[in-house]
There are 2 protein chains.
Amino acid sequence: MARDRQATEEKILQAVGRILAEQGFHNFGINAVARQAHVDKVLIYRYFGGMPELLRAYAEKGSYWPTIEEVAGDNPEGFGRMPVPEAVATLLCNFSRAVRKRPVTLEILAWEAIERNELAKVLEKVRKDFTKQLYRAIAGSRGRPTGDMAAIVTLLTAAINYLAVRSRKVGKYGAVNIRSEEGWRRLESAIRMISGRCIVSQESM
Amino acid sequence: MARDRQATEEKILQAVGRILAEQGFHNFGINAVARQAHVDKVLIYRYFGGMPELLRAYAEKGSYWPTIEEVAGDNPEGFGRMPVPEAVATLLCNFSRAVRKRPVTLEILAWEAIERNELAKVLEKVRKDFTKQLYRAIAGSRGRPTGDMAAIVTLLTAAINYLAVRSRKVGKYGAVNIRSEEGWRRLESAIRMISGRCIVSQESM
DNA sequence: CTCCTATGTCACTCATCGGTGACATCTGCA
DNA sequence: TGCAGATGTCACCGATGAGTGACATAGGAG
């Protein structure tokens, strides 16, 4: 109708985002996108190629993972001034908040346990870089971690991912209300405690 | 062919299990079950009613969650003899192993983040009872936990679920190889450490 | 043996999906 | 002005899904 390819592509990509955020991958498909965008599906094939390319194009536009700045503040090196356990705890809590407010990210996290699609692949790479930067920020902190810090951080990020994903469908997990701010405060203080007591640095303990 | 309803129902239910274990919910459906069971799909409707009832019937036959015995041994009360932190750690590690060896359970865990179906509902109830018994076993141990033990246990079980589910599709998470026994040993010792240092009991510390 | 019903088989409907070919129309360029 | 390619529209294909109605037959009850 409007004869404006750029605008059409934009409508299509926005439709992808809306469907993922509101209905998830389960109801995702070429037809659904075309409907949502009020665009003929032929145009999706013409402009993007197909489903994988469409997802890839969408992936390149969005921010599906926290940036290091979002989690560590404007100068990640600033973490060098606090003891390791405190740095780790703060990073993890910030990470938790950043992930929880990204509905599309939560959908991808849920779906990559079912099927590894283009979005999951992109997210994987981003996440890898993120992790590397995270460890760099920690490495600058005061004190040397002893014990298997990597294993502990793995456990805690896994827990955060799981609970954040799950909170979309269920209100409680165990005794904790994972839909309320209060529930997440409990989890955060548990994270702080774990970090404080298990990632021992020579100087701070 | 064989004119044996009971045998046919059995074939159908076994087909459900095979599909879930080998292909997951993604490729699950009436037609798929009928194909797998070498049975006409009409019989599924006649004998079970439809998809929800079929899943419910399947759910009632299987053990999709560890039993308390599997995790706490033959007499859960026996945990009363060890200190709380050690009891918690042991229960969690046993739980991890029990979950990881149940492919259908892992599939349900992955899928319930996408859609809450009949199997997920059944699993929910079983899990609730299991948790209750777990806490009872802990309550019998020596010493009083301080701090938010529930939050810590929530975090650790969430982490176990997430990593177990994820290990079906991806080999590594962070720095840990979640497909190898060695990786899980690292996680287990981290769990023991967390439990030992963060669930403080008056007598043992 | 005869009939009735439980069991199994077949053939279909209707909806949706991914994907494609053919056609209409707009717009910028020669 | 007229043409060509870019853009948009429409109608279709084959495959697959859930679900149903009609029919065939085996086997037990009378």
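Letters A, B, ... mirror the listed sequences (proteins, then strands); counts begin at 1. The model shown is predicted, which means the values in this text are computed figures rather than measured ones.
Between Asp40(A) atom CG and dT25(C) atom P the separation is 15 Å, expressed in whole Å. Summarising the geometry, the separation between CZ on Arg46(B) and P on dA18(D) is reported as 18 Å, rounded to the nearest angstrom. Residue Lys41(B) contributes atom NZ, which lies 12 Å from atom C1' of dC14(C) at whole-angstrom precision. Distance CG (Asp4(A)) to C1' (dG28(C)): 14 Å, rounded to an integer number of Å. Residue Met51(A) contributes atom CE, which lies 16 Å from atom C1' of dT20(C) at whole-angstrom precision. Rounded to an integer number of Å, the gap from Ile12(A) CD1 to dT7(D) C1' is 12 Å. Rounded to a whole Å, the CG atom of Asn27(B) is 11 Å from the P atom of dA18(D). Here the P atom of nucleotide dG8(C) and the CG atom of Leu43(B) are 5 Å apart, to the nearest Å.
Checking Trp184(B) against Glu188(B) by side-chain atom types alone, no donor-acceptor pair falls below 3.5 Å.
Between Thr8(B) and dT7(C), a side-chain N or O to OP1/OP2 separation shorter than 4.0 Å is absent. An OP1 or OP2 oxygen of dA6(C) is reached within less than 4.0 angstrom by no side-chain nitrogen or oxygen of Tyr47(B). In this model, the phosphate group of dT16(D) is not approached by any side-chain N or O of Asn31(B) to a distance below 4.0 Å at OP1 or OP2. Phosphate contact (OP1/OP2 of dC26(C), side-chain N/O of Arg5(A), threshold under 4.0 Å): absent. Dashed line: the shortest gap from a side-chain N or O of Arg35(A) to OP1 or OP2 of dC17(C) is under 4.0 Å.
Of the inter-residue distances, the one linking Lys121(B) atom NZ with Glu112(B) atom CD reads 12.5 Å to the nearest 0.5 angstrom.
Side-chain rings of Tyr64(B) and Tyr58(B) approach one another, their centers coming within less than 6.0 Å.
Heavy atoms of Val42(A) sit under 4.0 angstrom from at least one base atom.
Here the side chain of Tyr45(B) is nearest to one of dT25(C), dG17(D), dG19(D), namely dG19(D).
Between Pro66(B) and the options Val71(B), Val126(B), Asn94(B), a side chain to side chain contact (heavy atoms under 4.5 Å, CB included) holds for only Val71(B).
Between Trp111(A) and Trp111(B), the ring planes lie tilted relative to each other; the angle falls in the 30° to 60° range.
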